[in-house]
There are 2 protein chains.
Amino acid sequence: MSKQLVVLNTDAVACCEPLAQAALDVSQAESLAPMFKALGDPIRLRLLSMITSAEGGEACVCDMTPQFDVSGPTISHHLKVLREAGLIEGDRRGTWIWYRPMPAALGALAAVLAVSQPALV
Amino acid sequence: MSKQLVVLNTDAVACCEPLAQAALDVSQAESLAPMFKALGDPIRLRLLSMITSAEGGEACVCDMTPQFDVSGPTISHHLKVLREAGLIEGDRRGTWIWYRPMPAALGALAAVLAVSQPALV
DNA sequence: TCCTTGTCTAGATGTTCTTCTAATCAGCCG
DNA sequence: CGGCTGATTAGAAGAACATCTAGACAAGGA
């Protein structure tokens, strides 16, 4: 129940030039869109930002859940969406489950959005 | 019929540090999520990439519509979603309507996703 | 003026998403 | 072993979304 994630991303991570330089083809768009869709919810965006900015590079579900007004299973569902989009990965360590970001996937999304000349920075 | 778009973005464009540096607060997440959601559909992603990469910095609806398998009104609907997310803007010029990207909004999204030290790569 | 072409709006329909409660699975400790 | 806490899965209900057809509006040419 967690295999198809890999498939999606291997494509997408290796994917694309900035939008400003070349139009995406159909398959590139279909690889990238699910990742953007996963970011298209405020709860998931906050979860991802908590995970990405956490000290040590990973965050425990137990620390994140109390910061939201929704139920535990709902948080679990959103984490699963992020996981299946290839943006994060998690593993159990003893009692708790820890999530960390997948920098390559995030980097790919950022690269696609990059305004033409990042080199100038 | 094109005023409320501006409202959303003024916030969001000025928004946020990279995810890796600080967790988003609730209002930042709620400003950014609709933009990512707008990108979360392959058709909209292709439309945006056509507009952004078009010569002259803008693209005519008449050139984009034939490249998709869906009806004209469906394309129009997706352009409206991108418009209301503040990612593009359009205006009629004679018979045709031309769309152009809003670089500040795209830049804001890219900045949020930016992985902290791309320099290390 | 009327007709044609390009684009958008309105309304309907089937699908997908978000969230909940209830139940299940995994690890820890007495 | 038995019970406890943490997290996920299952299933259901309601909201939101993508798409279509039909109709309306705008601009240009005969």
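Labels below follow one simple rule: chain letters A, B, ... track the order of the sequence lines, proteins then strands, and each chain is numbered from 1. Values below: all heavy atoms of this structure, side chains included; hydrogens, waters and symmetry mates excluded.
Here the nucleotide nearest the side chain of B:S71, chosen from C:dT7, D:dT9, D:dC20, is D:dC20. Among the nucleotides D:dA18, D:dG6, C:dT7, the one closest to the side chain of A:T95 is D:dG6. When the nucleotides C:dT9, C:dC20, C:dG6 are ranked by their closest atom to the side chain of A:T74, C:dC20 comes out on top. Closest approach to the B:S76 side chain among D:dT8, C:dC8, C:dT7 is made by C:dC8 (side chain taken as heavy atoms from C-beta onward). Listed nucleotides: D:dC20, D:dA18, C:dG6. Nearest to the side chain of B:W96: C:dG6. With C:dT21, D:dA18, C:dT7 as the candidates, the nucleotide lying closest to the side chain of A:P73 is C:dT21.
Atom CG in A:D41 sits roughly 5 Å away from atom P in C:dT18 (whole-Å rounding). The nearest whole Å value for the distance from the CZ atom in B:R93 to the P atom in C:dT5 is 23 Å. In this structure, CG of B:L82 is placed 16 Å from P of C:dT7, rounded to the nearest angstrom. Put simply, CG on B:L47 is 11 Å from P on C:dC8, counting in whole angstrom units. Put simply, CD1 on A:I97 is 15 Å from P on C:dC25, counting in whole angstrom units. As rounded to whole Å, 15 Å separates atom P of C:dG6 from atom CE of B:M64. Regarding A:H77, its NE2 atom lies at a distance of 14 Å from the P atom of C:dT16, rounded to whole Å. For B:D63 and C:dT7, the CG to C1' distance is 14 Å, given to the nearest whole Å.
Between the side chains of A:S71 and A:T74, at least one donor N or O sits under 3.5 Å from an acceptor N or O.
Phosphate contact (OP1/OP2 of D:dA7, side-chain N/O of A:Y99, threshold under 4.0 Å): absent. Checking the phosphate oxygens (OP1, OP2) of C:dC17, a side-chain nitrogen or oxygen of A:K37 falls inside 4.0 Å. Taking 4.0 angstrom as the limit, B:R92 places none of its side-chain polar atoms (N or O) nearer than this to OP1 or OP2 of D:dC25.
More than 12 heavy atoms of other residues, nucleotides or ligands lie within 6.0 Å of CG in B:D91, so this atom counts as buried by the packing criterion.
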